[in-house]
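Note on naming: letters A, B, ... go to the chains in the order of the sequence lines (proteins, then strands), and numbering restarts at 1 for each one.
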There are 2 protein chains.
Amino acid sequence: MSKTAATPVKFTHIQCGDCPIRHRAVCARCDDSELASLEETKYYRSFEAGQTIVWSGDRMDFVGSVVTGIATLTQTMEDGRRQMVGLLLPSDFVGRPGRDTAAYDVVATTDLVMCCFRKKPFEEMMLTTPHVGQRLLEMTLDELDAAREWMLLLGRKTAREKIASLIAIIARRDASLKMADSGGSVVVDLPLTREAMSEYLGLTLETVSRQISALRKDGIIVIEGKRHITIPDFERLLEEAGDDSDGGFLV
Amino acid sequence: MSKTAATPVKFTHIQCGDCPIRHRAVCARCDDSELASLEETKYYRSFEAGQTIVWSGDRMDFVGSVVTGIATLTQTMEDGRRQMVGLLLPSDFVGRPGRDTAAYDVVATTDLVMCCFRKKPFEEMMLTTPHVGQRLLEMTLDELDAAREWMLLLGRKTAREKIASLIAIIARRDASLKMADSGGSVVVDLPLTREAMSEYLGLTLETVSRQISALRKDGIIVIEGKRHITIPDFERLLEEAGDDSDGGFLV
DNA sequence: TTTGAGCCTTGACCTAGATCAAACAATGTC
DNA sequence: GACATTGTTTGATCTAGGTCAAGGCTCAAA
């Protein structure tokens with residue numbers, strides 16, 4: 001997810017019209033006639049925190065993007081081991097054109113609003129409106145980069161580095177929305193439970209808890225409550241994360 | 001990489017003309033005039049086993065696809081820890097349109113021939129020839145699926161399951177090319193050193209070696225030399241890999 | 001004001017895989 | 001034929017993170 005923030009966000013949704021966020025700025029290249037067919041099939045869906053949106057293997061006849069809230073993509077093995085493979089924040093795209101079955105569980109981690117399109121008309125529109133496909137390619141390439149950074153994290157980082165990385169990733173994505181650094185220190189509210197973090201990081205929730213405590217004891221982060229985190233020195237956090245330099249954020 | 005083989009291969013390269021493999025079947029939808037501009041900038045490059053094609057961070061002014069041989073994408077941390085994030089077999093695409101710097105080390109694992117295009121003209125052609133972009137989107141979505149399966153492997157599988165998975169993945173990709181199963185048993189030549197396997201799997205090379213020995217002792221695989229593997233019962237291997245059922249291969 | 005359900009923390013212990021070390025096999029070079 | 005070199009195997013030991021278990025905190029329902 002980390003490099004996504006590095007690319008300038010011009011128009012983030014593949015959607016249009018009256019969406020609550022990024023209203024009207026959605027697609028600079030669309031004229032109204034091109035958008036008409038999309039408008040017709042667009043609809044919103046709301047989900048409560050914890051609700052499963054689709055189960056892996058289920059038929060999925062829509063695509064869409066997150067408007068508000070957070071969703072996750074998760075894979076499960078027969079014996080119950082779970083690995084998160086996607087973390088969807090506002091503006092992220094869900095679903096795969098050209099496939100009618102969900103490959104992963106999609107779960108709303110917080111209360112969630114999605115902007116959806118029926119898949120069939122969306123696919124047709126992709127054929128007639130090339131730049132939507134181009135935009136989707138761009139977004140997919142970003143996701144692939146994020147997945148590859150994630151693979152480095154899963155395969156080679158220590159538990160401590162994993163936690164530091166996750167906090168940095170969330171802080172970075174957050175900051176790109178609300179730019180809330182008051183004098184060098186960055187503030188984040190973790191939108192995930194310890195368990196969800198463990199599924200993201202390929203750890204147990206106990207290890208997540210212990211490493212968060214360790215980072216707190218070492219002054220890398222300051223915690224109020226369970227989820228509200230202040231990062232006094234972001235550079236220091238990035239060092240703990242084992243990322244080379246800034247990961248494309250500062251600078 | 002695994003699900004890639006599941007989607008029917010219609011025309012695999014984004015390339016055309018006189019490529020050694022899949023010659024002429026490359027792009028059913030292209031007419032000659034559309035391909036002309038690509039032909040102009042197309043060229044082949046050969047690399048020896050072990051040679052680094054591009055270093056992460058280097059300028060990369062071409063895109064291309066593997067014609068013969070195998071290449072890897074690898075990320076490296078400052079202290080030298082390495083994680084493979086891409087395994088490129090013949091027909092796989094290399095490079096990212098819209099970015100001029102390599103994000104990963106690209107290394108030829110075997111002797112390698114690539115079919116390359118200068119990036120600038122390729123990008124221009126993507127704008128004028130939409131279905132090339134569409135094909136690229138399809139390939140990128142496949143890669144993203146593969147990356148996500150890989151994440152499950154890295155985050156949740158045991159060393160034994162990782163090895164079994166890797167052998168299955170390679171066998172599957174191999175089989176889709178040469179369909180070499182003689183009476184239920186499948187034969188593979190591992191195109192990777194133990195070290196490369198360890199970089200793929202997020203393990204040490206010693207653990208890779210030990211687990212291969214263990215699978216051999218248990219009769220899951222039969223080895224001649226170091227690299228030549230016979231799989232007497234592919235289903236059994238898949239069970240060891242912890243994949244749900246067949247992973248989209250048999251059936 | 002209890003009770004209970006989620007979510008989180010911490011401790012004690014254990015094990016899968018890492019690390020360190022030695023040696024072997026195949027290949028090429030002088 | 002001696003000898004590096006590269007890839008691999010195997011053994012002995014160590015440790016990061018998993019597992020099992022007990023509580024603690026918070027909020028909401030009864």
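- For R81(B), the side-chain hydrogen bond (donor to acceptor under 3.5 Å, both in side chains) partners two or more places apart in sequence, or in a different chain, are E161(A), D79(B).
- Computed from coordinates, the L154(B) CG to dG17(C) C1' distance equals 15 Å when rounded to whole Å.
- Residues in residues 210-231 of chain A take part in these salt bridge (charged side-chain N to carboxylate O under 4.0 Å, His left out) pairs, two or more places apart or across chains: R160(A)-D218(A).
- Residues D105(A) and W55(A) form a side-chain contact, since some pair of their non-hydrogen atoms from C-beta on lies under 4.5 Å apart.
- Side-chain contact, T76(B) with R82(B): a donor N or O sits under 3.5 Å from an acceptor N or O.
- Using a 4.0 Å cut-off between charged side-chain N and carboxylate O, R148(A) and E143(B) make a salt bridge.
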What string of B, S and - do you get for nucleotides 8-18 of chain D 5' to 3' if you count protein non-hydrogen atoms under 4.0 Å?
-> SBBBB----SS

